[in-house]
A.B. asks: 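Just dropping this structure here.
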Amino acid sequence: MTDFDRNDIVCRHLQLTKEDIINAIREKNLSTFEEVQDETDAATVCGSCAADVEAILEEELRKRENGE
Ligand code: FES
């Protein structure tokens with residue numbers, strides 16, 4: 001679980017909110033960190049948001065697996 005609300009900026013370099021990242025994961029059916037990077041450019045500047053982006057991805061994959 002991450003502490004971000006959906007409208008919180010997760011990647012400040014790309015100005016990506018948690019919601020932006022979740023939407024990309026769901027719309028494009030992404031399942032790896034690299035795919036999320038390719039699609040959103042998240043964590044491609046300083047990389048300090050990488051762990052948060054990965055945590056959001058893991059949360060989404062868990063939900064996908066559980067059919068949520
Ligand atoms: S905060 Fe995401 S690349 Fe710098």
Side-chain angles (χ1 to χ4, degrees):
M1 267 311 260
T2 59
D3 297 333
F4 292 99
D5 287 328
R6 291 181 82 93
N7 292 326
D8 287 345
I9 298 280
V10 175
C11 177
R12 65 193 155 77
H13 279 113
L14 280 300
Q15 293 291 296
L16 293 167
T17 62
K18 180 175 179 178
E19 181 146 43
D20 293 329
I21 295 168
I22 288 175
N23 286 344
I25 292 169
R26 290 185 182 174
E27 281 166 20
K28 311 276 176 164
N29 213 26
L30 308 178
S31 51
T32 67
F33 176 69
E34 288 74 19
E35 286 174 347
V36 176
Q37 275 192 310
D38 284 349
E39 193 59 38
T40 65
D41 288 335
T44 57
V45 183
C46 74
S48 71
C49 58
D52 293 328
V53 173
E54 285 203 68
I56 291 168
L57 173 63
E58 276 171 26
E59 195 181 325
E60 281 306 300
L61 293 180
R62 204 163 38 239
K63 285 183 186 171
R64 188 184 294 171
E65 208 162 281
N66 293 335
E68 286 174 39

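Sequence positions, counted from 1, serve as the residue numbers for this chain.
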A.B. asks: Are the side chain of Asp8 and the backbone of Asp5 linked by a donor-acceptor contact shorter than 3.5 Å?
C.D. replies: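 Judged by distance alone, yes, a pair lies under 3.5 Å.
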A.B. asks: Say you draw a straight line from CG of Asn23 to CD of Glu60; how long is it, rounded to the nearest 0.5 Å?
C.D. replies: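 So the gap between those two atoms works out to 9.0 Å.
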A.B. asks: Residues two or more places apart in sequence or in another chain: which of them pass side-chain hydrogen bond (donor to acceptor under 3.5 Å, both in side chains) with Thr17?
C.D. replies: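 Only Asp20 meet the side-chain hydrogen bond (donor to acceptor under 3.5 Å, both in side chains) criterion with Thr17.
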A.B. asks: How close do Lys18 and Phe4 get, counting heavy atoms only, and between which atoms?
C.D. replies: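 For Lys18 versus Phe4, the nearest heavy atoms are NZ-O, 3.4 Å.
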A.B. asks: Which is it for Ile22 and Glu19 under the side-chain contact (heavy atoms from CB on, under 4.5 Å) test, yes or no, and what are the steps along the way?
C.D. replies: CA-CA 5 Å; Ile22 288 175; Glu19 181 146 43; 5.6 Å; no
A.B. asks: Provide the closest heavy-atom pair for Val36 versus Ile21 in the form atom of the first, atom of the second, distance.
C.D. replies: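 In terms of heavy atoms, the two residues are closest at CG1-CG2, 4.2 Å.
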A.B. asks: Does Arg62 pair with Glu65 as a salt bridge, N-O distance under 4.0 Å?
C.D. replies: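 No.
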A.B. asks: Can you list every pair that meets salt bridge (charged side-chain N to carboxylate O under 4.0 Å, His left out) and has a residue in residues 34-44, with sequence neighbours left out?
C.D. replies: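 Matches after skipping sequence neighbours: Lys28-Glu39.
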A.B. asks: Measure across Ala42 and Gln37 and return the closest heavy-atom pair with its distance rounded to 0.1 Å.
C.D. replies: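 Reported closest heavy-atom pair: O-CG, 3.2 Å.
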A.B. asks: Side chain of Gln15, backbone of Arg12: donor and acceptor closer than 3.5 Å?
C.D. replies: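 Yes; judged by distance alone, with no hydrogens or angles, the pair exists.
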A.B. asks: Rounded to the nearest 0.5 Å, what separates atom CD in Glu59 from atom CD in Glu68?
C.D. replies: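 Taking CD in Glu59 and CD in Glu68, the distance rounds to 9.5 Å.
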A.B. asks: Say you draw a straight line from CG of Leu30 to CG of Leu57; how long is it, rounded to the nearest 0.5 Å?
C.D. replies: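 Result: 8.0 Å between the selected atoms.
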A.B. asks: Just verifying a value: how many Å separate Ser31 OG and Glu58 CD, rounded to the nearest 0.5 Å?
C.D. replies: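 Ser31 OG to Glu58 CD: 12.5 Å, rounded to 0.5 Å.
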A.B. asks: Following the transitive rule for hydrophobic clusters with a side-chain heavy-atom cut-off under 4.5 Å over Ile, Leu, Val, Met, Phe, Trp and Tyr, establish whether Ile25 and Ile9 coincide in one cluster.
C.D. replies: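 Looking at the clustering, Ile9 is in a separate group from Ile25.
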A.B. asks: Could you measure the distance from the CG atom of Leu61 to the CG atom of Asn66? Nearest 0.5 Å is fine.
C.D. replies: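 Rounded to the nearest 0.5 Å, the CG-CG separation comes out at 11.0 Å.
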A.B. asks: Over all heavy atoms of both residues, which pair between Cys11 and Ala43 is shortest? Give the atoms and the distance, please.
C.D. replies: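 Nearest pair, atom of Cys11 first, then Ala43: SG-N, 3.8 Å.
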